[in-house]
Amino acid sequence: MKKFSISKRLIVFFLIVLFNCLLINSSIAQQQKIKCDNYVLYEENPFIYSMGVDSVKQIKGDDYFTIAFWNIEYWPGGMFEQPPKSTSVANQLVAVKHIIDREDPTILIAAEVYSYSSALFLNENLNEPYPNVAVTAYCMDNENSSNIKKYENLENQSSPPRSTAGRRHEHAIFSRLPAESIVEVEILETDVEQVQPRGFIVSKYIIEKNPLWIYGIHSSAGEKWEQFRSKIPILILCDMQKRNLNPQKDRIIICGDFNMNLHNSKESHFFDPFFNAGFFNAHNGVSYPERITKPTSGTPGIVEGGSSIDYMFVSQKLMVHLKHYKIIEDSAGARPAERVGRDTGIASDHRMLIIKLSK
């Protein structure tokens, strides 16, 4: 009778272990159900100023580090004008520099940075420039969606140039930690002629011998791209599947301007693939109106209202390291009503998001 009791306990034990294994691998099963056949993810190298330099700051000795995402509206100058007016550049630089110098994130993923030279222009004007900078580097030919071509815009001008390419990436990474790898990924949909004009950037860091993956994304705005925009979470998961990443086991951050509102009933379900795979909204504890990330809501001169379209998602494995989160209220403000220049003190029309993580 005693032997039977022991055997019964062993069976129960093995059943519990088996059940836990199934739970741990649930995200893999979720990802396997995602159909990625209709998409091609082209991988290219960005322009890299440096990616393997340790900061002069003693990052290695700290117990915590910070990751930030910020859409720096039409950097430099804050308006979609070519070339940007020198007064607009100067005014936006003062405001952007103030926020970055004060918050000093360990790693900053920035959107709407349109050229390598403009990224270096920003970095060189910071109180403490970042030792590692990378900028997305290629665009897609408007006439031939399969023709990927490199471009580099390094003219020596008083106002750093922006690319006006129709198919463009617009991400920059500023980091005080060396990156093991940084790649940019272009999205092509194989069964339609029209393609998404932006991809995403993927960086990998080794912190205390543990890999940390960061995805940066800026989805296209407007009704024209609404259907494709809704597929972005699935496409990012497709890329993770290709890299054998599991949110249950790997440290992963997905951050960006999704141009979709998680708090809008018509759009919230588009984020379900992230949650089903094991990701969490890092700023979930921020209530309205503090959670607003775009106070202008696309309307020049208007601050009231606004929307939440910028997010940072962390994997289940990383959740135990999440110690603090915040949205920087004074990092955005209303644009000039007639869109003729950049007012002093307005850095962007989007707010910076920051999370603090333990090592």
Side-chain angles (χ1 to χ4, degrees), residues 27 66-73 103 105 107-112 170-173 185 187 196 198-203 212-221 225-226 228-237 239-240 245 247 251-298 305-319 321-329 331-332 348-357:
S27 67
T66 55
I67 310 293
F69 171 81
W70 195 14
N71 181 333
I72 309 175
E73 183 190 17
E103 301 299 332
I107 300 172
L108 169 62
I109 311 296
E112 296 199 11
E170 49 181 75
H171 295 103
I173 298 178
V185 180
I187 303 167
Q196 163 79 343
R198 300 187 182 104
F200 46 88
I201 194 165
V202 187
S203 53
L212 172 68
W213 294 82
I214 304 178
Y215 281 74
I217 180 73
H218 183 193
S219 301
S220 297
W225 300 109
E226 183 176 1
F228 202 106
R229 185 166 61 242
S230 67
K231 301 175 184 177
I232 289 297
I234 292 177
L235 291 171
I236 291 178
L237 292 177
D239 186 80
M240 289 183 190
L245 295 178
R251 302 182 180 197
I252 310 168
I253 298 171
I254 305 170
C255 58
D257 172 1
F258 291 85
N259 273 302
M260 297 187 294
N261 194 338
L262 179 58
H263 306 284
N264 183 324
S265 59
K266 295 181 179 179
E267 297 178 334
S268 60
H269 65 281
F270 294 141
F271 293 95
D272 286 348
F274 284 159
F275 300 131
N276 292 337
F279 283 93
F280 298 84
N281 177 10
H283 294 81
N284 189 52
V286 181
S287 58
Y288 182 86
E290 286 76 17
R291 69 171 179 238
I292 293 298
T293 62
K294 189 175 182 182
T296 61
S297 194
S307 59
S308 301
I309 56 177
D310 305 82
Y311 297 98
M312 300 184 76
F313 298 97
V314 297
S315 63
Q316 181 172 325
K317 178 70 175 180
L318 198 58
M319 272 297 291
H321 297 275
L322 180 61
K323 301 304 177 183
H324 187 62
Y325 51 83
K326 60 182 178 178
I327 297 174
I328 310 304
E329 184 176 359
S331 59
S348 175
D349 63 342
H350 288 253
R351 288 171 175 156
M352 177 188 284
L353 286 73
I354 300 181
I355 57 175
K356 183 179 182 180
L357 301 165

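Treat the numbers as computed from the prediction; the structure is a model and nothing was measured. All heavy atoms count here, side chains included; hydrogens, waters and symmetry mates do not.
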Exercise. What are the two closest heavy atoms between S331 and W70, and how far apart are they?
Worked result: O-CZ2, 3.3 Å

For this session: Flag the pair M312 / L322 as yes when at least one side-chain heavy-atom distance between them is below 4.5 Å, and no otherwise.
Result: no

Problem set entry | Results of ring pair (Phe, Tyr, Trp, His ring centres under 6.0 Å) for Y215 - residues two or more places apart only | F200

For this session: State, with a plain yes or no, whether a side-chain heavy atom of T66 is found less than 4.5 Å away from one of E103.
Result: no

Exercise. Are the side chain of H218 and the backbone N or O of N259 linked by a donor-acceptor pair below 3.5 Å?
Worked result: no

For this session: Only counting residues at least two apart or in another chain, list the ones meeting ring pair (Phe, Tyr, Trp, His ring centres under 6.0 Å) with H321.
Result: none

Exercise. How are the rings of F271 and F313 set to each other: parallel, tilted or perpendicular (split at 30° and 60°)?
Worked result: tilted

Exercise. Under 4.5 Å between any side-chain heavy atoms of I253 and L357, yes or no?
Worked result: yes

Problem set entry | Any side-chain heavy-atom pair of D310 and R351 under 4.5 Å | no

For this session: Compare every heavy atom of A282 with every heavy atom of V314, then report the nearest pair and how far apart it is.
Result: CG1-CB, 4.2 Å

Seminar exercise, completed: Closest heavy-atom pair, C255 versus I214, reported as atoms and distance to 0.1 Å, is SG-CG2, 4.1 Å

Exercise. Residues in salt bridge (charged side-chain N to carboxylate O under 4.0 Å, His left out) with K356, at least two apart?
Worked result: none

Problem set entry | Under 3.5 Å side-chain donor-acceptor pair for N71 and E112 | yes

Problem set entry | Contact check, side chains of F258 and R229, non-hydrogen atoms, under 4.5 Å | no

Problem set entry | For E290, all residues meeting side chain to side chain contact (heavy atoms under 4.5 Å, CB included), sequence neighbours excluded | V286, S287

For this session: Please tell me if the side chains of I252 and L318 come closer than 4.5 Å, counting only heavy atoms from C-beta onward.
Result: no

Seminar exercise, completed: Looking only at heavy atoms, the pair that brings N264 and K266 closest together is OD1-N, 2.8 Å

Exercise. Among all residues two or more places apart in sequence or in another chain, which pass the ring pair (Phe, Tyr, Trp, His ring centres under 6.0 Å) test with F270?
Worked result: none

For this session: Please list, chain by chain and in numerical order, all residues satisfying salt bridge (charged side-chain N to carboxylate O under 4.0 Å, His left out) with D239, sequence neighbours excluded.
Result: K242, R243

Exercise. Closest approach of I232 and S219, non-hydrogen atoms and distance?
Worked result: CG1-OG, 3.5 Å

Exercise. Side chain of H171, backbone of A110: donor and acceptor closer than 3.5 Å?
Worked result: no

Exercise. Does the side chain of H283 reach to within under 4.5 Å of the side chain of S308, using non-hydrogen atoms?
Worked result: no

Problem set entry | Ring center gap for F274 and Y311 short of 6.0 angstrom | no

Problem set entry | Nearest non-hydrogen partners of G278 and P247, listed with the distance | O-CB, 3.9 Å

